[in-house]
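The chains referred to below are lettered A, B, ... by the order of the sequence lines, with proteins before strands, and numbering in each begins at 1.
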Amino acid sequence: GEDVEQSLFLSVREGDSSVINCTYTDSSSTYLYWYKQEPGAGLQLLTYIFSNMDMKQDQRLTVLLNKKDKHLSLRIADTQTGDSAIYFCAEVSGYSTLTFGKGTMLLVSP
Amino acid sequence: EAGVAQSPRYKIIEKRQSVAFWCNPISGHATLYWYQQILGQGPKLLIQFQNNGVVDDSQLPKDRFSAERLKGVDSTLKIQPAKLEDSAVYLCASSLVPRDEQYFGPGTRLTVT
């Protein structure tokens with residue numbers, strides 16, 4: 001079955017880079033997503049990567065995909081206090097079902 | 001462009017009571033999703049609609065949960081009767097077509113006492 005695993009917590013200082021890691025199990029996933037959730041809010045799509053890509057860069061965000069190890073990472077450069085939130089990794093399986101990890105809480109301190 | 005609207009934002013009920021949530025997707029989005037997010041976990045899909053038809057309701061506890069999207073636009077999710085373990089945030093999302101980007105509403109936080 002599908003399962004997405006993430007580390008639960010990451011703490012960094014403002015200006016540092018943050019790296020959030022994720023592993024997934026469904027090798028047939030065609031898309032992998034990163035969502036951001038701020039307190040009391042819904043989920044906001046940050047970026048996604050197609051399964052035939054190794055890397056995708058979007059401004060301060062870099063996504064790396066290792067299909068062999070089923071490992072996905074999200075790097076946030078020059079992390080700001082406004083980046084403090086919960087970050088979810090998700091894979092698409094079946095018809096269009098998103099399977100989410102439990103989320104990584106990122107805390108950015110000044 | 002208006003986002004996905006949900007109401008109410010918060011609801012507190014006692015166990016065995018009934019509750020209903022409402023979702024208005026982004027205009028023109030054919031696909032609508034209801035997710036349950038229990039504290040400390042990621043969202044879990046409850047049901048997916050394509051227009052007014054159900055595509056996937058395999059994870060919906062059908063003995064107590066029901067959902068409808070009669071005219072292919074707004075949707076309601078109902079719980080009857082509620083249990084303590086139903087306490088969660090219920091998120092609605094919509095997409096233009098299946099497998100397209102899903103846009104999420106702010107959610108309804110349900111507390112069952």
> Counting heavy-atom pairs under 4.5 Å to chain A, which of B/R109, B/R9, B/Q102 comes out on top?
Replying inline: B/Q102
>> Please classify the contact between A/I86 and chain B as side chain, backbone, both or neither, with a heavy-atom cut-off of under 4.5 Å.
In response: neither
>> Under 4.5 Å between side-chain heavy atoms, counting indirect links through other Ile/Leu/Val/Met/Phe/Trp/Tyr residues: same cluster for B/F49 and B/L91 or not?
In response: no
> Near A/K68 NZ, under 6.0 Å, is it more than 12 heavy atoms from other residues, nucleotides or ligands?
Replying inline: no
> Do the side chains of B/Q37 and A/F88 get nearer than 4.5 Å, heavy atoms only?
Replying inline: yes
>> Heavy-atom cut-off 4.5 Å, strictly under: side chain, backbone, both or neither for A/Q44 against chain B?
In response: neither
> Does a side-chain heavy-atom distance below 4.5 Å link A/Y31 with B/E101?
Replying inline: no
> Has A/K102 got more than 12 heavy atoms of other residues, nucleotides or ligands less than 6.0 Å from its NZ?
Replying inline: no
> Counting heavy atoms not belonging to B/I12, are there more than 12 under 6.0 Å from its CD1?
Replying inline: no
> Mind checking whether B/Y35 and A/L98 have side chains closer than 4.5 Å, heavy atoms only?
Replying inline: yes
> Is chain B contacted by the side chain of A/Y48, its backbone, both, or neither, given a heavy-atom distance below 4.5 Å?
Replying inline: neither
> In this structure, are over 12 heavy atoms from other groups packed under 6.0 Å from B/E85 atom CD?
Replying inline: yes
> If you draw a 6.0 Å radius around CG in B/L84, do more than 12 non-hydrogen atoms from other residues or ligands fall strictly inside?
Replying inline: yes
